[in-house]
Amino acid sequence: MATPHISAAPGDFAASVLMPGDPKRAERMAKLILDQPRLVTDVRAIMGFTGTYNGPGEHHGRPLSIMASGMGMPSIAIYATELFSSYGVERIVRVGTAGGISAAVSVGDVIIGTGAHTTSGMNELRIPGTHFSAVADFAMAAAAMRAAGDLPVFAGTVLSEDHFYFKVKGQMEALVAHGVLAVEMEAASLYAVAAELGKAALAVFTVSDHLTKASTDMSAEERETRFEGALRLAVAAAFA
Ligand code: HPA
């Protein structure tokens, strides 16, 4: 049966789902890496596709879904909850962008989000009296790391924030001092929903901009190579 925000039929989703934020990106990814991608839902123009993985290697031919999450923690929590609870989904990999804050990372770098701090109150409600630790599934993170090969990747924590534009004074400096690599807007809630429902999740990011150091734009070719690298990691994690 369809859920309030997903119009797919039972069995329409694979056990593994890649989740970019942007529906257009979901469509482009589906055309790029799926054989016979089929649109299975488009409620609110949040498109979801299912096909079989067309890439090389051991995972070629395995069923894989790609669906957008929209922006922000409430949005990804809705879709992740419905996919995990009603469509038999076991693993979700967010494939997103993040703003670099650590001097160690640069625009174009790929980050495996091993854990996500958050400015959101969503996870405060989960375990009474407890600051929930939003962490990635270890097997998925390890699979992503193994798939990196000679692509330079970082593994570490990010901040999942509610505000894109409003910045709290002193927060960036304190985050950097605590080794946080980048900021984004979804991972902490995705990780918490997976924990709640006994499922697995990971977020892999391409650094799209940098908030604390001057950076030069990537060439179109560089952008594609880096994104394909992030996608390769995400697929490895999706099939972990
Ligand atoms: N904030 C949140 N998410 C982001 C940013 C940012 O500055 N850059 C890319 N994704």
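Each ligand, and each atom within it, is numbered from 1 in the order the structure gives.
- Residues that satisfy the side chain to side chain donor-acceptor pair (under 3.5 Å) test with H163, not counting sequence neighbours, are absent from this structure.
- Under the side chain to side chain donor-acceptor pair (under 3.5 Å) criterion, K213 pairs with S106, sequence neighbours left out.
- For Y79 (side chain) and I46 (main-chain N/O), no donor-acceptor pair under 3.5 Å exists by modelled atom type.
- Listed by chain and residue number, the protein contacts of ligand 1 are T97, A98, G99, E161, F164, K167, V183, E184, M185, S208, D209, L211 (heavy atom within 4.0 angstrom).
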Report, one line per pair, each donor and acceptor closer than 3.5 Å where one atom sits in a side chain of residues 228-236; sequence neighbours left out.
residue : atom : partner : partner atom : Å
R232    : NE   : A147    : O            : 3.2
R232    : NH2  : A147    : O            : 3.2
R232    : NH2  : A148    : O            : 2.9

Next on the checklist: Assess the residue pair T118 and E161 against the criterion (side chain to side chain donor-acceptor pair (under 3.5 Å)); give the C-alpha distance rounded to whole Å, side-chain angles, the decisive distance to 0.1 Å, and a yes or no.
Outcome noted: CA-CA 6 Å; T118 186; E161 56 182 352; over 6 Å; no

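- Other residues, nucleotides and ligands contribute more than 12 heavy atoms inside 6.0 Å of the CZ atom of R126.
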